[in-house]
Amino acid sequence: MSATSQKLRDDAERIWRAGVAAVIPSRLVPNHVRVDGHWLAVGDERIDLQSVNRIAIVGAGKAAGAMTVALEATLGGRVLDEQRVSGWVNVPSDCVVPTQRVHLNAARPPGSNEPAPEGVVGAQRILEIVSSLRPNDICFCVLTGGGSALLPAPVPQITLADKIAVTRLLSAAGANIVQLNTVRRQLSLVKGGGLARACRAGRLITLVISDVLGDRLDLIASGPTVPNESTPADALRVLDDLKLTSEPSIATVVHYLRHRDIQPAADSERHTSSVATHIILAN
């Protein structure tokens, strides 16, 4: 290799490493979350920690483990102790790293983008945690790319196998992220604002690393903490457009969506008293 080629290679590597270093969660999280004495600052909001009983951290995504570690470090040992910080975050099995208080759950094997039984267990645990919180508690939700497959919580009428079948068919048919998540939101207890509806904390603060062009919050991890603007009819339209409605393997899914479109499910639209979302890194 010539000296010129080697220099170009070295320059390219330095640029790449600098880019990666600039977006690691240990740098990003402290830019948005700070502790100053008994004050917790999140973005422009300042919260008196003396009024906070408990802090929970939940979430999912391929970088959610690193975000959790960074958030624990940012809160610091005193806050971890005094606010009894705990939580549960679903990550791929190769992204489980040591944490101080929050459990990182191996929710699916590495290299797979399909929901797994371990993810269902984790999603249920997350729903239990957020529903146990009270008005003087704070809930942080950390979300990154891959969160949709890592947060499977099928509605009672749908099995995990049904969700896997429809996900595979949609992907094979060339569904884009909008189409895919339009269907997935209608089949989940946690997506499409389900986590926010279940949360009883006084504040729900979502920290997002976006992998979606345009950074649409309803598409990132299928929007567990933002309102669901789509309907069962929209999901059926996606399946119809992709000529999947008559596929035998998703007959249960189609039946559920049709029934729910006629008789909408009685989903509670209650939310916590304060819901805030911060995109700490945009696509």
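Everything numeric in this text was worked out from a predicted model, so none of it was measured.
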What one should report as the nearest heavy-atom pair of A123 and P152 is CB-O, 3.3 Å
Report yes if some heavy atom in the side chain of P92 is under 4.5 Å from a heavy atom in the side chain of L150; otherwise report no.
-> yes
Spatial distance of atom CG (L80) from atom CG (L71) [nearest 0.5 Å] = 8.5 Å
Apply side chain to side chain contact (heavy atoms under 4.5 Å, CB included) to the pair K163 and I158, showing each step before the final yes or no.
-> CA-CA 7 Å; K163 291 198 73 173; I158 300 298; 3.8 Å; yes
With no hydrogens and no angle check, is any side-chain donor or acceptor of E247 less than 3.5 Å from a backbone partner on L169?
-> no
Classify the side-chain pair N53/N136 by whether it contains a donor and acceptor separated by less than 3.5 Å.
-> no
Give a yes or no on this: more than 12 heavy atoms of other residues, nucleotides or ligands lie within 6.0 Å of atom CG of D44.
-> no
Nearest heavy-atom neighbours spanning T74 and V35 | O-CG2, 3.8 Å
Taking atom CD of Q124 and atom CD1 of I129, what is their separation to the nearest 0.5 Å?
-> 10.5 Å
Taking every heavy atom of S188 against every heavy atom of K191, the minimum-distance pair comes out as OG-N, 3.0 Å
Considering the options I250, N176, L242, which one meets the side-chain contact (heavy atoms from CB on, under 4.5 Å) requirement together with L170?
-> L242
Any side-chain heavy-atom pair of Q186 and V183 under 4.5 Å | no
So which heavy atom on E118 is nearest to which on N105, and how close?
-> O-ND2, 3.2 Å
Would you indicate whether the side-chain heavy atoms of F140 and L204 approach each other to under 4.5 Å?
-> no
Report, as yes or no, whether the 6.0 Å neighbourhood of atom NE2 on H38 holds more than 12 heavy atoms from other residues, nucleotides or ligands.
-> yes
Hey, is R237 close enough to D234 for a salt bridge, meaning N to O under 4.0 Å?
-> yes
Decide side chain to side chain contact (heavy atoms under 4.5 Å, CB included) for V166 and L187; before the verdict, give the C-alpha distance in whole Å, the side-chain angles of both, and the deciding distance to 0.1 Å.
-> CA-CA 10 Å; V166 73; L187 306 176; 4.0 Å; yes
With side chains defined as the heavy atoms from C-beta onward, is the minimum distance between R258 and L236 less than 4.5 Å?
-> yes
Single-linkage hydrophobic cluster, 4.5 Å side-chain cutoff, V190 and V155 together = yes
May I have the step-by-step check of side-chain hydrogen bond (donor to acceptor under 3.5 Å, both in side chains) for D48 and S51, ending in yes or no?
-> CA-CA 6 Å; D48 186 354; S51 67; 5.2 Å; no
With distance as the sole test, does N90 use its side chain to make a donor-acceptor pair with the main-chain N or O of G119 at under 3.5 Å?
-> yes
Does R9 CZ have over 12 foreign heavy atoms under 6.0 Å away?
-> no
Within a strict 4.5 Å, meaning less than it, do heavy atoms of the P115 and L160 side chains meet?
-> yes
Taking atom types as modelled, find out whether N181 and S222 have a side-chain donor-acceptor pair closer than 3.5 angstrom.
-> yes
Is the shortest distance from a Lys or Arg side-chain nitrogen in K7 or D11 to a carboxylate oxygen in the other one below 4.0 Å?
-> yes
Check whether V102 and I280 end up in the same hydrophobic cluster, where Ile, Leu, Val, Met, Phe, Trp and Tyr are linked by side-chain heavy atoms less than 4.5 Å apart.
-> yes
For T99, does its backbone N or O pair with a side-chain atom of E72 as donor and acceptor, under 3.5 Å?
-> no
Would you give the length of the straight line joining atom CG of L217 to atom CG of L219, rounded to the nearest 0.5 angstrom?
-> 9.0 Å
Within a strict 4.5 Å, meaning less than it, do heavy atoms of the I47 and V52 side chains meet?
-> yes
Taking atom types as modelled, is there a side-chain donor on T167 or E114 under 3.5 Å from an acceptor on the other?
-> no
Tell me, with the steps shown, if T252 and Q157 meet side-chain hydrogen bond (donor to acceptor under 3.5 Å, both in side chains).
-> CA-CA 8 Å; T252 302; Q157 299 89 336; over 6 Å; no
Could you pull out all donor-acceptor pairs under 3.5 Å where a side-chain atom in residues 54-70 meets a protein atom, sequence neighbours excluded?
| residue | atom | partner | partner atom | Å |
| --- | --- | --- | --- | --- |
| R54 | NH1 | S132 | OG | 3.4 |
| T68 | OG1 | A64 | O | 2.8 |

Donor-acceptor under 3.5 Å (R203 side chain, V275 main chain) = no
In Å, rounded to the nearest 0.5 Å, how long is the span from OG1 of T206 to CD1 of I279?
-> 10.5 Å
Got a second to check how far L133's CG is from R200's CZ, nearest 0.5 Å?
-> 10.0 Å
Compare every heavy atom of L151 with every heavy atom of P224, then report the nearest pair and how far apart it is.
-> CG-CD1, 4.3 Å
Residue pair D218, N228: steps toward the side chain to side chain contact (heavy atoms under 4.5 Å, CB included) verdict = CA-CA 7 Å; D218 61 328; N228 183 12; over 6 Å; no
Which heavy atom in D211 sits nearest to a heavy atom in G146, and how many Å separate them?
-> OD2-N, 4.3 Å
Treating Ile, Leu, Val, Met, Phe, Trp and Tyr as nodes and any side-chain heavy-atom pair under 4.5 angstrom as an edge, say whether V89 and V97 lie in one connected cluster.
-> yes
Are side-chain heavy atoms of T144 and I220 found at a separation under 4.5 Å?
-> no
Starting from the C-alpha separation in whole Å, work towards a yes-or-no answer on side chain to side chain contact (heavy atoms under 4.5 Å, CB included) for V208 and H278.
-> CA-CA 6 Å; V208 177; H278 301 267; over 6 Å; no
Interatomic distance, CD1@I164 vs CG@D162, rounded to 0.5 Å, equals 9.5 Å
So does R17 pair up with E13, basic N to acidic O under 4.0 Å?
-> yes
